[in-house]
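To start, the structure under review is shown below, and the notes come after it.
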There are 2 protein chains.
Amino acid sequence: MVVQLKDIAKRLNISISTVSRVINDTGRVNKDTRDLILKTIKEMGYQPNEVARSLKRKSANTLGVIVPDLSNSFYASVIKGVEKVARENEHSVIVCNSDEDILKEEEYVQLLLQKQVTGLVIATVGGNPELFEQYKRSGIPFVFIDNLPNTQENFDVVTIDNVKAGYDLAKHLVEQGHEKLAIITGPQNQSTAAERLLGFRKCLEDNGIDIREKWIGVGEFRRESGYDIMNEWLKQEELPTAIFAANDFLLYGAIRAILEKGLSIPQDIAAVCFDANDETGLVRPQITSIIQPAHMIGAIAGEIIMRKEKNKNLKVFEKVVLEPKLIINESSQIQTGR
Amino acid sequence: MVVQLKDIAKRLNISISTVSRVINDTGRVNKDTRDLILKTIKEMGYQPNEVARSLKRKSANTLGVIVPDLSNSFYASVIKGVEKVARENEHSVIVCNSDEDILKEEEYVQLLLQKQVTGLVIATVGGNPELFEQYKRSGIPFVFIDNLPNTQENFDVVTIDNVKAGYDLAKHLVEQGHEKLAIITGPQNQSTAAERLLGFRKCLEDNGIDIREKWIGVGEFRRESGYDIMNEWLKQEELPTAIFAANDFLLYGAIRAILEKGLSIPQDIAAVCFDANDETGLVRPQITSIIQPAHMIGAIAGEIIMRKEKNKNLKVFEKVVLEPKLIINESSQIQTGR
DNA sequence: ATGAAAGCGCTAACAG
DNA sequence: CTGTTAGCGCTTTCAT
């Protein structure tokens, strides 16, 4: 049987409140009884029931995180960042994988709300803005990362400037002399996908480069999408000389198509993307990429929630815009011989 | 304010038990009042408080998962497998990252127990067997994956035969004609690390190949370890012709060292490992590897827990041994020209 | 078919 | 310094 407060109280012939006091170190308790209680707790292997505590406290001391894809190392790092802050504040983390599915996402949001999470970090895949506005009224802080909700309402946000980052990444290609640029981006109801495309467009305009609508590919943020779109392009006579992908998986798929066709990177086609975090160190070609500070994004998101928990009446919304890094690698540089 | 049962009861001038009944669809309720209640619930945006429910139910309907490294795609897949089963059974998943740290692991186990999880899936990094035996008495099912606890007690386990897999992987190298074999494995208090080494040894013995103790490297399951150990070996005059690593990260580090030294794979040194799941499709050389059915491991682990929840008095322990696949790739095959 | 009331395990007033 | 008691929001007997 599981031992609980009343068991150790009974054993010691004292009241459960005294026991509770020493466990929570709140209020004074006679040194001797305190020691005795501590000893008994250990002996009996007492573990406080967090559910009961949560009910009383009206908070589960838990952060919820919803990401589209656990397998993407960008999100894995974000989660680690959230977890670090959660740990420091004695909270735990419920991780949910929406699998790029809006319905699943909504389901998980509800679930987390019902679980009385302290706050919620979410990389939405384009969820209904009205729902978010409704949830907002629940008072549970939502911190958006990566993708922002498509609404004018104020929310807490930790992100990068995706338009600028897209611009910079395209700029890099332009500086390498490319004029036939193609882009593969994600679902346009996801702000990252839309904004990176926007930055790309702007850069081309600013540099007087033709935007070829046929070379604007829109897919899912998955390898298959990148592969399929690229293959379509490869069937045509005229080929782009550079590919810009809005995330890493899209590019991996595209590169696979390119290589299968017998073309080389970057000689025939240069390739760049967002968040090519190479956990193996062996991805070839090494990818030129905009790298978001994923761990920090997660950590800051967690901190915002902790701050709001401590200061409930703090009704200010934070919009944190972090600086990503452009890492230039062989996938976009004509090799200058060894 | 958050709306709760009593609010909608008050509004309708009925008792909360009736409302509860329609929500849980338990017991009969007049069709009209039921419809009215349903309507009001929607209007007021009622969300049941899962914490209160959990307290009453004495279970949080949640599975806990503890893995050593969220960034390793093997574990990411395991988690997805658990999550799938959890979803199907209307449970959620709390993911914890022990970061290969025994203390953190113990902390998380405690936390999850306190949270009244329905069960716990754990890839231990060598936690104290006595603790596990103690926890077992709590009645909450622990399902071990990947690493097994170092104890004779019965536990639920979903794994592969690591000795055999290690044997097979080594065998492959032997069949390629290698006689100077080196192994890089993980902490020996982790069963996977120890058993894979065992299989390796056995294979060499069976094939009359010298086991060179100097080429048995023991590190952490991280890239740096693989890199450092390999670099030590590379300093010496005599080099192995093949490297066997007990996990992917170890091998990635080793390969990096090999390549930096200007040697090639597999011509100078062949390289194989466990669980080289290439999410990018661009890792070069492509790694010969034993691949565990990660998703299935997670799913089965989840199912065991669900089964035990439904049938509390089921005191049988399941030991599921799955079949891994040996994927042969360029990292271990002398190319026969194109 | 519905309501009253007990209780899940704990915390925190309040009283002594 | 310690005990009594009232909830936290919900489910579930037990009456009616």
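Just so we're on the same page: letters track the sequence lines, and every chain starts at 1.
When each of D:dC1, D:dC10, C:dG9 is scored by its nearest atom to the side-chain atoms of A:Asn49, the top-ranked nucleotide is C:dG9. The side chain of B:Lys58 lies closest to C:dC8, out of D:dG3, C:dT2, C:dC8.
Rounded to whole angstrom, the span from the CD atom of A:Gln114 across to the P atom of D:dC10 amounts to 10 Å. Distance B:Leu12 CG to C:dG3 C1': 15 Å, rounded to the nearest Å. Atoms CG (B:Leu55) and P (D:dG7) sit 17 Å apart, rounded to a whole Å. In this structure, B:Arg57 atom CZ and C:dC8 atom P are separated by 16 Å, rounded to whole Å. Atom CD of A:Gln47 is separated from atom C1' of C:dC10 by 15 Å (rounded to the nearest Å). Note: CD1 (B:Ile16) to P (C:dA5) measures 12 Å, nearest angstrom. A:Leu5 places its CG atom 4 Å from the P atom of C:dC10, with the value rounded to the nearest Å. One interatomic measurement links the two molecules: CZ of B:Arg21 to C1' of D:dT12, which rounds to 8 Å at whole-angstrom precision.
Ring-centre distance between A:Phe144 and A:Phe155: below the 6.0 Å cut-off.
A:Thr26 comes within contact range of no nucleotide atom at all, as no heavy-atom separation falls under 4.0 Å. B:Arg53 comes within contact range of the sugar-phosphate backbone alone, with a heavy-atom separation under 4.0 Å but no base atom that close. Across all strands shown, B:Ser54 has no heavy atoms under 4.0 Å from either base or sugar-phosphate atoms. Residue contacts for B:Ile23: at a heavy-atom cut-off of 4.0 Å it reaches no nucleic acid atom on any strand shown.
Contact between the side-chain N/O atoms of B:Ser20 and the OP1/OP2 oxygens of D:dT11 is found at a separation under 4.0 Å. Regarding contacts with the backbone of D:dG9, every side-chain N or O of B:Tyr46 stays at 4.0 angstrom or more from both OP1 and OP2. For D:dT11, one of the phosphate oxygens OP1 or OP2 lies less than 4.0 angstrom from a side-chain nitrogen or oxygen of B:Asn24. Not one side-chain nitrogen or oxygen of B:Thr18 sits closer than 4.0 Å to the OP1 or OP2 atom of C:dT2.
Taking a cutoff of 4.0 Å between a charged side-chain nitrogen and a carboxylate oxygen, A:Asp99 and B:Lys80 do not qualify as a salt bridge. Using a 4.0 Å cut-off between charged nitrogen and carboxylate oxygen, B:Glu50 and B:Arg57 count as a salt-bridge pair.
One can find a donor-acceptor pair under 3.5 Å joining the base of C:dA4 and the side-chain atoms of B:Ser17.
Comparing A:Lys56 and B:Pro48 against DNA chain D, the residue whose closest nucleotide sits nearer the 5' end is A:Lys56.
Residues A:Asn61 and B:Lys115 have side chains that never bring a donor and an acceptor to within less than 3.5 angstrom of each other.
A:Tyr135 and A:Phe142 have parallel rings, their planes meeting at less than 30° on a 0 to 90° scale where 60° marks the start of perpendicular.
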